[in-house]
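Accompanying notes for the structure given below.
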Amino acid sequence: MTLFFTEMWERFSYYGMRAFLVLFMVAPVASGGLGFEDARAGVIYGTYTAMVYMLSVPGGWIADRFLGQQNAVLYGGTLIMFGHISLAFPMTATFYLGLSLVALGTGLLKPNISSIVGQMYNEGDARRDSGFTIFYMGINLGAFLAPIICGTFLAQSQTFKDWLTSSGIDPRSAWHFAFGAAAVGMFFGLVQYVIGRKNLKNAGKYPTPAKDATEANRNRLILGAVLLVFIAVPVIVGSLAVSGNIELTPEKLSSVTDILLPVTALAVLGGLLFFGAKNKEERARLIVVVILFFAAAVFWGCFEQAGSTLTLFAERNTERQFLGFTLQSTSFQALNAIFVVALAPVFAALWIYLAKRKKEPATLVKFGLGMVGVGLGFLVLVPAAKFALGGYLVGAQWLIALYLIHTCGELCLSPVGLSAMTKLAPTRLVGLIMGVWFLAASMGNYMAGRAVKLTTTMQMDHFFLLMTGIPVAMGILLFILAKPVERMLARSHEESVGGH
Ligand code: GLN
């Protein structure tokens, strides 16, 4: 319960702010926005969401080695809260400072709170995947309420602006009240965490100590390098940009991220495969982690288009009336979260039901189902997009169907992936490997942002067909790999047990 509610509030703050971040950046200065052009807002948004997840790698490692997961969650949540407070001030410098603090804080909190969930279950406990699925409901309860409260009501509604005016406050500051609400959400999460923390007992309480002085020295060196790269460099570049000494164009920013992300991924995965394993069994498990990484990156690259190409499709090609309700293009973003909350218990029960009958699908099979799901969701939009080519608005039911199918795919992959990472990771690497999982989300988020560019050069229905083909092909590959991978894991386990 402690972890459920802490993560609920953290995600409330994340998704609450994400819901209107782009709108705030592109809104004219006269209405309280930053007046950025679309491309600039898009790149900042893509880089920010990619960074939020990428920082999970150093965040997970720092918890493993120095802080312990429990402290990392506390410090991370505190940084996030100050990040949103900084965003609540209407200045450009506080805007960038706020985004950076939220990204750093999430890097400390997100992977580590998930690792603690994993530590609640012993190896082989059939309730692990279900536990993660319930945790995932908490995530989405926050993700569902947040866009409605922070986005639709505080940032955008006339009702709130009128209320501000009547209280003698400039209605253009509505955006900043919305950022402030995200800070309040994180504050609730922290209070709740501090009170409930004792229930976590020893799970994630202590870091794994270095086994000798050489390792301790090496760890300190890596820590120094990490702090330099992720804190000193952005602070220097940011100050130069804000003071006007260098100009940060969207092109410059994206060309850095284009290189930084794959290089980080290759370095981390390579390091893990070549230096991470202490025996054959660990090596086999780390190979599986790498396979799951690639699958998840492609999955999120498709799925996270909810915030990019799919919101544009909602904005430009979809009718806003549905069964008597008037929707906004952003309203569609709450659909995924509602579906998760409704369906997560069904999936949790399904895995337990199947496990009891010894029929639970292997992790790779569940991942394959997730990939096929995200592909089929896009397939639904192919006829809709054809229709839209004629200049018509299509009914809201197409996107609703897409989100329903995407959610089923997500529930086969995302909570299962979280669970698998905690299961496959050697204990001393659990935080780092959780970071690797979120690195896949980071790549995915960035690709989902970059996909917008493809839609400007491809016909919409062809684009959606491509978004069907890629994940479905990958899903089939995972189905094929499932058996051999299971055999490899079993063999390596027998060999290590036999070797003792
Ligand atoms: N929606 C989930 C969350 O916020 C998963 C996001 C992700 O890993 N890309 O935790």
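Along the sequence shown, the residues carry numbers beginning at 1. For ligands, and for the atoms within them, numbers begin at 1 and follow the listed sequence.
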May I ask you to identify, for F303, whether its side chain, its backbone, both or neither come under 4.0 Å of ligand 1 on a heavy-atom basis?
-> neither

N/O to N/O below 3.5 Å, does that happen between R11 and ligand 1?
-> yes

A student checking ligand 1 against W300 at a 4.0 Å heavy-atom cut-off should list atoms 5 (C), 7 (C), 8 (O), 9 (N)

For F187, check ring pair (Phe, Tyr, Trp, His ring centres under 6.0 Å) against everything at least two apart and list the hits.
-> none

Side-chain ion pair, R128 and E123, N-O less than 4.0 Å = no

Quick one: look up the protein heavy atom nearest atom 10 (O) of ligand 1 and list residue, atom name and how far away it is.
-> K110 NZ, 2.5 Å

Side-chain donor-acceptor pair present, Y136, S414, cut-off under 3.5 Å = yes

Ligand-side contact atoms (ligand 1) for residue partner I139, heavy atom cut-off under 4.0 Å = 3 (C), 4 (O), 10 (O)

Geometric cation-pi criterion, R11 with Y14: 6.0 Å, 45° = yes

Those atoms of ligand 1 less than 4.0 Å from some heavy atom in A441 = 7 (C), 8 (O), 9 (N)

Of all the non-hydrogen atoms in the protein, which one sits nearest to atom 1 (N) of ligand 1, and at what distance?
-> Y15 OH, 3.0 Å

Taking all atoms of both residues into account, what is the closest heavy-atom pair of G301 and Q305, and its distance?
-> O-NE2, 3.2 Å

heavy-atom search around atom 6 (C) of ligand 1 in the protein gives Y53 OH, 3.4 Å

Could you label the plane-to-plane angle of the F177 and F160 rings as parallel, tilted or perpendicular, counting under 30° as parallel and over 60° as perpendicular?
-> perpendicular

Give yes or no for whether the N/O distance cutoff of 3.5 Å, strictly under, is met between S414 and ligand 1.
-> no

Going by the angle between their ring planes, with limits at 30° and 60°, are F24 and F95 parallel, tilted or perpendicular?
-> tilted

Would you say E304 and ligand 1 have an N/O pair spaced under 3.5 Å apart?
-> yes

Aromatic ring pairing Y403/H406, orientation class (parallel under 30°, perpendicular over 60°, tilted between) | perpendicular

For ligand 1, which part of Y136 has a heavy atom less than 4.0 Å away: the side chain, the backbone, both, or neither?
-> side chain

